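Every chain is numbered from 1 and lettered A, B, ... according to where its sequence line falls, protein lines coming before strand lines. The figures here come from the full heavy-atom set of this structure, side chains too, leaving out hydrogens, waters and symmetry mates. Everything quoted here is computed from the prediction, not taken from an experiment.
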Amino acid sequence: MTESTPPTASDIDQIAQRKKKLEQIIALGHSPYPSKFEWTTTASTLLKEYSASTKEQLETQKIPVRLAGRLMTIRGHGKAAFAHLSDGAQRIQIYVRLDSVGEENFKLFQLLDVGDLIGASGYLFRTKTNELTVHVDQLTFLAKAMRPLPEKWHGLTDVEARYRQRYLDLIVNPEVRETFVRRSQIIRFIRDFFDARGYIEVETPMMQPLAGGALARPFVTHHNTLDMDLYLRIAPELYLKRLIVGGLNRVYEINRNFRNEGISTRHNPEFTMLEFYQAYSDYRELMDLTEELLRSVVREIVGGNIVEFDGQSISFEKFDRWTMRGAVVRFWRDSKSPPSVESLQTLEGLQAAAKSHNAAAAATSSPRVEAGPDSSPGQLLGALFEAVAEKELIQPTFIYEFPVELSPLSKRNAEHPAMVDRFELFIAGMEIANAFSELNDPADQKDRFEQQLRMREGGDEEAHQMDEDYIRALSYGMPPTAGEGIGIDRITMLLTNSKSIRDVILFPLMRPEKPAADS
RNA sequence: GGGCCGUUAGCUCAGGAGGUAGAGCAUCUGCCUUUUAAGCAGAGGGUCGCUGGUUCGAGUCCAGCACGGCUCACCA
């Protein structure tokens, strides 16, 4: 089944057969691994360009073609054969007959297996069943598949094998290719979107002496020459804001973040994040921009405003907007007796709400509010929101008015200093985006870092570290700025109807197939 | 980390209430010059994830372990 399991007799048999055939192919005078093939078209091109050409038209035109690809099926008929040649995306049928290709070439064909890579030249025609087909007059051997491909009808369905051997998954499961083509289109569209609005794309360090910009556990590595530990970044945020200080007033970055945390259908240790920052702006403007971005990416990639995801229709036409407190009230499990928005402003009210929620949740399997006795009001509200509302946010919904304790890098709300000007966007119960007006008061930022340090000393490994140079940068003056992060993998999940993040990451992290040999 | 489920031929899957392993595709041999999950006739191919246990006898029952999936927790 896998590289590391010892080959069975059948395995050896199949490989040995193909090895034998390769030797015979060499004996016929072919190079086993030729270096190139001059092709003039592809299966996809032919299928597109000649879909309307009739049998008669093709017969009179006798259009010459020269293409390469992988043999996906072979149907032999003695002195002739049909096969399908794939260019990776599409398959076109080829027809090989002894009296057309000649004896030498037909011998070569008989030594080919499904999976082999060949070049073919000939002309187009339509068969009895009207299938567009290449009538081959010459075959070129390009490379041998020494291992058999998965079964032609069912493909490769074993999830583990699909992730570990993505190349096989891509060869035999066309929808997988489609997913990753679409992922590429999404990212290209997003780049165009920001480029067109005057943002410049930048690259900031992935190896950082301090892992800042988010609350998460980092991976640690070491630079030998400098003899220093470095962290793989958990976010690019603090570097991007340094660029805002430097006068790059609109910047964005699309690249990997690394977080040393759990793996799930929504979390991979490395994942792709879009972050963008704009000077002289606030989080309200970003809500509008986010709506515009997502609505247009959906229109461009999916078409229309509706996305089907996991059996639900998600409309990108109009996004809901709720305060965090409002969402707790709105999605309270017992809609007849929700807490009041006002009660959720006090510690006592929040504790009562958490208690009441947990009492009701105990009877079911719904999530409980996890909070310690010394939890602050902001922590309680955050926990309450997660337990009560987060999973209910199927349609695109902005949640705003976040507690300051949960947001060490966000600007305080002018009227309610316990809250910050921040929002998150939820779709299909997933957190998709996180944005805020950036804290640009260096003194307040220093206080927030110190507050985080106290949490860190209290055992919170995810609390933010002190970043003196970032404080220094802010003290040169940062314009009022708004910034946002959008999870590219999760957007891709939504737009490809993928329920697992591993289906939108080409090579998701897996344990080794065999445990490392300990001596 | 908890719970549930899975691991049998290269691939996709069967194996009732323990009795020494099956199919289709793939492979091999033969036939076949318009097929398309081509067809016909025949053949080979298995450490039943690993290690123990129960039993006269284990793919099947039990325990532990490995890997994976789903889910809960964790995680913004």
Side-chain angles (χ1 to χ4, degrees), chain A residues 1-2 4-18 20-21 55 72-84 91-101 106 113-115 125-131 133 135 145-165 168 172 214-217 234-235 257 259-269 271 273 365-368 370 382-383 385-387 390-391 399 402 406-407 422 424-426 430-434 461-462 485 487 490 499-500 502 508 510-515:
Chain A
M1 170 164 118
T2 56
S4 58
T5 49
T8 64
S10 171
D11 207 350
I12 289 168
D13 180 52
Q14 303 231 15
I15 293 169
Q17 288 295 345
R18 285 161 186 253
K20 208 166 91 189
K21 286 182 186 175
K55 200 173 211 167
M72 300 306 290
T73 61
I74 298 175
R75 294 175 294 283
H77 293 264
K79 294 182 180 62
F82 287 95
H84 274 108
R91 302 170 177 193
I92 193 164
Q93 183 167 257
I94 63 172
Y95 181 48
V96 181
R97 40 190 293 173
L98 175 60
D99 55 13
S100 295
V101 300
F106 200 72
D113 289 294
V114 168
F125 78 112
R126 283 190 185 275
T127 61
K128 270 184 188 168
T129 55
N130 214 35
E131 179 166 349
T133 303
H135 200 293
M146 301 307 292
R147 290 168 178 274
L149 252 37
E151 199 217 7
K152 61 188 168 193
W153 190 243
H154 299 92
L156 186 67
T157 63
D158 181 76
V159 181
E160 182 177 353
R162 287 186 42 230
Y163 295 153
R164 288 193 195 279
Q165 296 181 271
L168 270 187
V172 300
L215 308 179
R217 285 158 63 188
I234 56 176
N257 288 348
R259 298 189 183 174
N260 204 341
E261 286 165 352
I263 293 175
S264 78
T265 49
R266 293 172 179 195
H267 300 85
N268 195 63
F271 61 99
M273 182 83 113
S365 59
S366 54
R368 306 181 75 251
E370 302 290 343
F385 167 75
E386 280 177 29
E390 198 170 316
K391 290 209 165 45
I399 299 295
F402 275 62
L406 305 181
S407 317
R422 172 183 178 186
E424 287 188 346
L425 172 65
F426 292 87
M430 287 193 285
E431 183 197 331
I432 297 297
N434 178 20
E461 285 183 71
E462 281 144 18
R490 289 179 178 177
K499 269 138 275 181
S500 171
R502 297 182 147 199
M510 304 283 281
R511 280 198 167 89
E513 292 177 58
K514 279 199 148 181

For [N] and [M], measure between their [atom1] atoms and round to the nearest Å.
N: B:G16; M: B:C61; atom1: P; value: 9 Å
N: B:U47; M: B:A41; atom1: C1'; value: 33 Å
N: B:G22; M: B:A9; atom1: C1'; value: 10 Å
N: B:C13; M: B:A17; atom1: C1'; value: 23 Å
N: B:A23; M: B:G44; atom1: P; value: 11 Å
N: B:G24; M: B:G45; atom1: C1'; value: 15 Å
N: B:G15; M: B:G59; atom1: C1'; value: 8 Å
N: B:U20; M: B:A58; atom1: P; value: 11 Å

Need one value for [X]: base, sugar-phosphate or nothing, where a base atom within 4.0 Å counts as base even if backbone is also close, heavy atoms only.
X: A:E386; result: base
X: A:A214; result: nothing
X: A:Y163; result: sugar-phosphate
X: A:R126; result: nothing
X: A:R259; result: sugar-phosphate
X: A:F385; result: nothing
X: A:S264; result: nothing
X: A:K55; result: nothing

Is there, by distance only and without an angle test, a donor paired with an acceptor across the side chain of [X] and the base of [N] below 3.5 Å?
X: A:T127; N: B:U35; answer: yes
X: A:D113; N: B:U27; answer: no
X: A:E131; N: B:U35; answer: no
X: A:Q14; N: B:A26; answer: yes
X: A:H154; N: B:C11; answer: no

Minimum-distance nucleotide (side-chain atoms of [X] versus [options]):
X: A:H267; options: B:C70, B:C75, B:G24; answer: B:C75
X: A:K391; options: B:G68, B:U34, B:A73; answer: B:A73
X: A:E462; options: B:C75, B:U12, B:C11; answer: B:C75
X: A:S500; options: B:C13, B:C70, B:C28; answer: B:C70
X: A:K21; options: B:G10, B:U27, B:G68; answer: B:U27
X: A:E160; options: B:C32, B:C67, B:C11; answer: B:C67
X: A:D13; options: B:C67, B:G44, B:U71; answer: B:G44
X: A:F125; options: B:C75, B:C28, B:U34; answer: B:U34
X: A:R164; options: B:U12, B:G68, B:U33; answer: B:G68

- Identify, with sequence neighbours excluded, every residue that meets side chain to side chain contact (heavy atoms under 4.5 Å, CB included) alongside A:E424.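 So A:E424 forms a side chain to side chain contact (heavy atoms under 4.5 Å, CB included) with A:F402, A:R422, A:F426, A:E431, A:N434.
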Can you list the residues that meet the side chain to side chain donor-acceptor pair (under 3.5 Å) rule with [X], with sequence neighbours excluded?
X: A:E151; result: A:H154
X: A:T157; result: none
X: A:R18; result: none

[N] OP1/OP2 closer than 4.0 Å to side-chain N/O of [X]:
X: A:R511; N: B:C67; result: yes
X: A:R75; N: B:A38; result: yes
X: A:K20; N: B:U27; result: no

Nearest heavy atoms of [X] and [Y], plus distance in Å:
X: A:A214; Y: A:R259; result: CB-NH2, 3.4 Å
X: A:A80; Y: A:R97; result: CB-CB, 3.9 Å
X: A:L149; Y: A:G115; result: CD2-CA, 3.7 Å
X: A:I234; Y: A:R217; result: CG2-O, 4.2 Å
X: A:V172; Y: A:P150; result: CG1-CD, 4.0 Å
X: A:K55; Y: A:T127; result: NZ-O, 3.4 Å

Using whole Å, report how far [atom1] of [X] lies from [atom2] of [N].
X: A:N130; N: B:U35; atom1: CG; atom2: C1'; answer: 14 Å
X: A:I15; N: B:C28; atom1: CD1; atom2: P; answer: 14 Å
X: A:F82; N: B:U35; atom1: CZ; atom2: C1'; answer: 5 Å
X: A:L156; N: B:C13; atom1: CG; atom2: C1'; answer: 14 Å
X: A:K152; N: B:U35; atom1: NZ; atom2: P; answer: 16 Å
X: A:H84; N: B:U34; atom1: NE2; atom2: P; answer: 16 Å
X: A:R266; N: B:C74; atom1: CZ; atom2: P; answer: 14 Å
X: A:H77; N: B:G30; atom1: NE2; atom2: C1'; answer: 17 Å

- Query: So, do A:R266 and A:M430 sit near enough that their side-chain heavy atoms are less than 4.5 Å apart?
  - Reply: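 A side-chain contact exists here, since the closest heavy-atom pair is under 4.5 Å.
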- Query: How would you label the glycosidic angle of B:G64: syn (within 90° of 0) or anti?
  - Reply: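 Because its glycosidic torsion lies more than 90° from 0, B:G64 adopts the anti conformation.
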- Task: Please figure out whether A:E151 or A:R97 has its closest RNA chain B nucleotide nearer the 5' end.
- Result: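 Comparing both residues, the 5'-ward one is A:E151.
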- Query: Between A:G155 and A:E431, who's closer to the 5' end of RNA chain B by nearest nucleotide?
  - Reply: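 Looking at the nearest nucleotide for each, A:G155 comes out on the 5' side.
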- Message: Expected output check: what is the dot-bracket annotation of RNA chain B, where ( ) and [ ] are pairs inside the strand (brackets for crossing ones), | is paired with another strand, and pairs are Watson-Crick or G-U under 3.5 Å?
- Response: (((((((..((((.....[..)))).(((((.......))))).....(((((..]....))))))))))))....
- Set of salt bridge (charged side-chain N to carboxylate O under 4.0 Å, His left out) partners for A:R75, sequence neighbours left out: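 For A:R75, no residue satisfies salt bridge (charged side-chain N to carboxylate O under 4.0 Å, His left out) once neighbours in sequence are set aside.
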